[in-house]
Engineer: 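My structure is below; once you've seen it, I'll send some questions.
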Amino acid sequence: MKIFDLLIDSIAEHSYGVTDDFFTPKEVKALVLILSQRHEAGIFRTAGIGQKSERHVQDKVRGDHILWLDENSVDVDEQAFFYKINTFITYLNRTCYLGLRSFEFHYALYPIGTFYKRHFDRFLHDSSRKMSVICYLNGDWQATDGGELVIHLPNAESVKIAPLGGRLVCFEADKLEHEVLPALRERLSLTGWLRTD
Ligand code: OGA
Ligand code: MN
């Protein structure tokens, strides 16, 4: 598939890739509806930092609210999303020999004014997260809405990516430091990791 070929070429060259056509506007709408219904049901929680006993909530570092997706969900729109991710995993394994075996994704909602400070997506005692994948669900996001993802490239200028609906960004989880600038409008995404276990 052309989208995946372009993404993989970009990852091989720059350690990250962006495509604007991962979701159709219809798919974005369907996922936003699920996200909104579950958020209104009060089952999202404040995101934390670290794993297990090291885990703590720290709103000076990140302010998003999250809900993990269930791979066995009977929701057709979530199943369609998992199918796309599995296709991407198959491509990545075939072309980059990453040995990916599983994934984990959560919905994320950044209330107005929240952000996620500069960090790496990796835990101290767990290196199984290989690729970070972020799918944005924001219809007509404006430049004045802030909330950009900034990827800090080791030997080049940083890149700023707006969280436009339908757009997917992926990068090597342990290689690139990144941050989310303060969102001036509620900011929605589906964020996750492709794993080797
Ligand atoms: C994360 C993260 C970036 C984004 O959840 O770890 O860095 O653009 N998200 O939402
Ligand atoms: Mn991150």
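For clarity, every value in this text was computed on a predicted model and none was experimentally measured. Indexing begins at 1, ligand by ligand and atom by atom, following the structure's order.
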Engineer: Does a side-chain N-to-carboxylate-O contact under 4.0 Å join Asp20 and Arg167?
Structural biologist: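 Looking at Arg167 together with Asp20, the answer is yes, because their closest N to O distance falls below 4.0 Å.
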Engineer: As an exercise, identify every atom of ligand 1 less than 4.0 angstrom from a heavy atom of Tyr136.
Structural biologist: 4 (C), 8 (O)
Engineer: Could you list the atoms of ligand 1 found under 4.0 angstrom from a heavy atom of Tyr116?
Structural biologist: 1 (C), 5 (O), 6 (O)
Engineer: With a 4.0 Å cut-off on heavy atoms, is Glu179 in contact with ligand 1?
Structural biologist: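 It does not; every heavy atom stays at 4.0 Å or beyond.
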Engineer: Would you please determine whether Glu148 falls within less than 4.0 Å of ligand 1 on a heavy-atom basis?
Structural biologist: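 No.
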Engineer: Check whether the ring centres of Phe23 and Tyr136 lie less than 6.0 Å apart, and answer yes or no.
Structural biologist: no
Engineer: Which residue is it: Glu179, Glu177, His178? I am looking for the one with a side chain to side chain donor-acceptor pair (under 3.5 Å) to His152.
Structural biologist: Glu179
Engineer: Considering only non-hydrogen protein atoms, determine which one is nearest to atom 10 (O) of ligand 1 and report residue, atom name and distance to 0.1 Å.
Structural biologist: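 Closest protein heavy atom to atom 10 (O) of ligand 1: Arg187 NH1, 2.9 Å.
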Engineer: Is it the case that Lys117 places NZ or CZ above or below the six-membered ring of Phe115, under 6.0 angstrom from the centre and within 45 degrees of the axis?
Structural biologist: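 The answer is yes, since Lys117 meets both limits relative to Phe115.
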Engineer: Near the Mn ion (ligand 2), meaning under 2.8 Å, how many protein N/O/S atoms are there?
Structural biologist: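 Considering protein N, O and S only, the Mn ion (ligand 2) has 3 within range.
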Engineer: Which atoms from ligand 1 have a heavy atom of Asp121 less than 4.0 Å away?
Structural biologist: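 Close to Asp121: 6 (O).
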Engineer: Considering only NZ, NE, NH1 and NH2 on the basic side and carboxylate oxygens on the acidic side, decide whether Glu104 and Arg195 come within less than 4.0 Å.
Structural biologist: yes
Engineer: Out of Ile151, Asp64, Thr191, Val180, whose heavy atom is nearest to atom 4 (C) of ligand 1?
Structural biologist: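 Shortest heavy-atom distance from atom 4 (C) of ligand 1: Val180.
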Engineer: Evaluate the ring planes of Phe4 and Phe22, with Trp represented by its six-membered ring, and classify them as parallel (under 30°), tilted (30 to 60°) or perpendicular (over 60°).
Structural biologist: tilted
